[in-house]
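Single-structure report; data block below.
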Number of protein chains: 2
Amino acid sequence: MKLPSERELSEQHSTTRVTIREALKLLETEGLIYRENRRGWFISPPKLRYDPSVHGRVSFVDYARQQGFQPSTQLLSIKLTVADRYIASEMQIAVGKPVYQVNRLRSLDGRPVLYEQMLLRADLLPNLDRFDLEGSLHALLRSEYKMTVQKADFEISVSILPNDVAQALAAPMGVSSLKFQRKYRNQHGEIFEFDHELWRHDAISINFDINN
Amino acid sequence: MKLPSERELSEQHSTTRVTIREALKLLETEGLIYRENRRGWFISPPKLRYDPSVHGRVSFVDYARQQGFQPSTQLLSIKLTVADRYIASEMQIAVGKPVYQVNRLRSLDGRPVLYEQMLLRADLLPNLDRFDLEGSLHALLRSEYKMTVQKADFEISVSILPNDVAQALAAPMGVSSLKFQRKYRNQHGEIFEFDHELWRHDAISINFDINN
DNA sequence: CAGTGGTCTAGACCACGCA
DNA sequence: GCGTGGTCTAGACCACTGC
């Protein structure tokens, strides 16, 4: 699945590295190939089909397996912190309220595709850090805290991978990404979770139905 | 809203055009600036917030106006054709069945942001080409054909603007795009419309709610 | 340590937008 | 017809990967 080196390609096509790189970047934007930082160019695997309407009910691991991928999750960090002005306003809580910040990395067949940052209200979910956070978070919230998702707000846009995230995904700077911003409300209408998900743009397609 | 020329920028920053262009392309991928083919670089306006869950009920023109944009629609072409194998399979009709193909270009404040290709079953929507197709299509279907959307299937992914579409959007080759593929079913469960929408990636964010 | 991708220089020519 | 962006050449050095 690895392409020949850029120097090799430029000789084969009697052109220069600059030109070859431009062509490779077109294919990258198109989603056909991707890079791992300083390791080379690779053919992109098929996209994961992601259905936001079942999110919170069906776990990443389950639907990835259904589609023939070997998924894995790595907990990067968890810390107890407090809401700054931005977080407080988005989560509709007071500035200074305690929140857990959980960062995870998710991979398909060993390829990192998703960087997840989750902010969770610590007052509603005490001692969250004592649990195993590499599995399904929503299954955990259901079984340990009787917390279920009543409503989810999504905002999806195309942007760039921030530098730290690019590093975590072994991606070079400037790779485009699909950004999910998500808020979950529980049965009482409280926003208990506020997430940022950053996907490699070539790793995902979003599929869902709307009924009128 | 126009940036200085690339040559000017490279002098100002004591570097070469190649390097400046790389930097500009980073900002382009990030969505902060955009190009119009051979006309220069411009600051990107705010994104249109698009809610797929109200699509079919609220028109492009209406929600664009609500957000302070001046929307416009241009009919590029309409023709009566027949379903090839791909279209037939996607629309669940027989190969050779008649379909209207409608192509439209939509702009915000004079900036082309969306290329729309719609395929509509001609047997269910006879003489569609006699109507004004620069307004809301679904309003037309409702009033003239008593056709309402019961269910909509979405597939959203990031890709590149195809060359002909890039040209229509006055975009250079290789600009990334957000692709919507959409199927509408009527009250009888028939797929009467199959769309491809290509958005400039920096012109749109998708916002919607899911209720469990 | 050899080879890779990431970054950069200093030019060049062409096609097109604009006046 | 001038200036623009789009494309290309022929090099270079560095930081890092993989052996």
Side-chain angles (χ1 to χ4, degrees), chain A residues 1-44 105 107 110-112 160-177 200-202, chain B residues 1-44 105 107 110-112 160-177 200-202:
Chain A
M1 290 305 153
K2 190 175 185 306
L3 268 60
S5 80
E6 296 179 356
R7 285 174 179 81
E8 212 166 316
L9 287 169
S10 37
E11 268 190 42
Q12 278 174 25
H13 296 87
S14 319
T15 181
T16 57
R17 254 187 83 209
V18 177
T19 305
I20 282 293
R21 273 175 74 78
E22 216 144 314
L24 290 168
K25 282 177 183 178
L26 278 181
L27 296 172
E28 179 187 45
T29 304
E30 201 171 342
L32 299 177
I33 62 176
Y34 70 101
R35 302 178 262 176
E36 285 181 23
N37 207 353
R38 286 172 199 279
R39 296 204 336 109
W41 295 87
F42 303 86
I43 307 286
S44 296
L105 185 67
S107 304
R111 175 191 181 211
I160 212 170
L161 288 172
N163 286 359
D164 53 333
V165 175
Q167 198 143 23
L169 294 181
M173 268 185 47
V175 164
S176 85
S177 74
R200 291 194 82 118
H201 79 281
D202 61 335
Chain B
M1 288 306 154
K2 189 174 185 309
L3 268 61
S5 81
E6 297 178 357
R7 285 172 177 84
E8 211 167 315
L9 286 170
S10 38
E11 267 191 42
Q12 278 173 24
H13 296 88
S14 318
T15 180
T16 57
R17 250 187 87 207
V18 178
T19 306
I20 283 291
R21 272 176 75 79
E22 216 143 318
L24 290 169
K25 283 178 183 177
L26 278 181
L27 295 171
E28 179 188 44
T29 305
E30 200 171 344
L32 299 176
I33 63 177
Y34 70 101
R35 302 178 261 175
E36 286 181 22
N37 208 354
R38 286 175 198 276
R39 296 204 336 108
W41 294 88
F42 302 84
I43 306 287
S44 296
L105 185 67
S107 304
R111 175 191 181 213
I160 214 171
L161 288 172
N163 285 1
D164 55 332
V165 175
Q167 199 143 19
L169 294 180
M173 268 185 47
V175 163
S176 85
S177 75
R200 291 193 80 117
H201 79 282
D202 61 335

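Sequence lines set the chain letters: A, B, ... in the order given, protein chains first and strands last, and positions in each chain run from 1. Heavy-atom basis, side chains included; hydrogens, waters and symmetry copies ignored.
In this structure, B:Trp41 atom CH2 and D:dG6 atom C1' are separated by 11 Å, rounded to whole Å. Separating the CD atom of A:Glu6 from the P atom of C:dG3 is a distance of 16 Å, rounded to the nearest angstrom. Between the CD1 atom of B:Ile20 and the P atom of D:dG6 there is a distance of 14 Å, given to the nearest Å. One can place CG of B:Leu3 at 20 Å from P of D:dG3, the figure rounded to the nearest angstrom. One can place CG of A:Asn37 at 8 Å from P of C:dT7, the figure rounded to the nearest angstrom. Atom OH of B:Tyr34 is separated from atom P of D:dG5 by 14 Å (rounded to the nearest Å). C:dG17 atom P lies 14 Å from atom NZ of B:Lys2, rounded to whole Å. Remark: C1' of C:dG5 and CZ of A:Arg38 are 6 Å apart, rounded to the nearest angstrom.
At least one side-chain heavy atom of B:Pro172 sits less than 4.5 Å from a side-chain heavy atom of B:Asn37.
Considering only side-chain atoms of A:Val18, the nucleotide from D:dG11, C:dA10, C:dG6 that sits closest is D:dG11. Each of D:dA10, C:dT7, C:dG17 was ranked by its minimum atom distance to the side chain of B:Arg39; first place goes to C:dG17. Closest to the A:Thr15 side chain, of the nucleotides D:dG6, C:dC8, D:dT9, is D:dT9. You'll find that the side chain of B:Thr19 is closest to C:dT9, out of C:dT9, D:dT9, D:dG5.
In this structure, B:Arg17 reaches the bases: a heavy-atom distance under 4.0 Å links it to at least one base atom across the strands shown. Residue B:Ser5 is in sugar-phosphate contact alone, with no base atom involved, counting any heavy-atom pair closer than 4.0 Å across all strands shown.
Judged by distance alone with a 3.5 Å cut-off, a donor-acceptor contact links the side chain of B:Arg7 to the base of D:dG5.
Between the side chains of A:Glu28 and A:Trp41, no donor-acceptor pair is found at a separation under 3.5 Å.
At distances below 3.5 Å, at least one donor-acceptor pair connects side-chain atoms of B:Ser44 with backbone N or O atoms of B:Leu32.
Within the cation-pi definition used here (under 6.0 Å to the ring centroid, within 45° of the axis), A:Arg111 does not qualify as a partner of A:Phe42.
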*Given B:Leu24 and B:Leu9, is the side chain to side chain contact (heavy atoms under 4.5 Å, CB included) satisfied, shown in steps?*
CA-CA 10 Å; B:Leu24 290 169; B:Leu9 286 170; 4.3 Å; yes
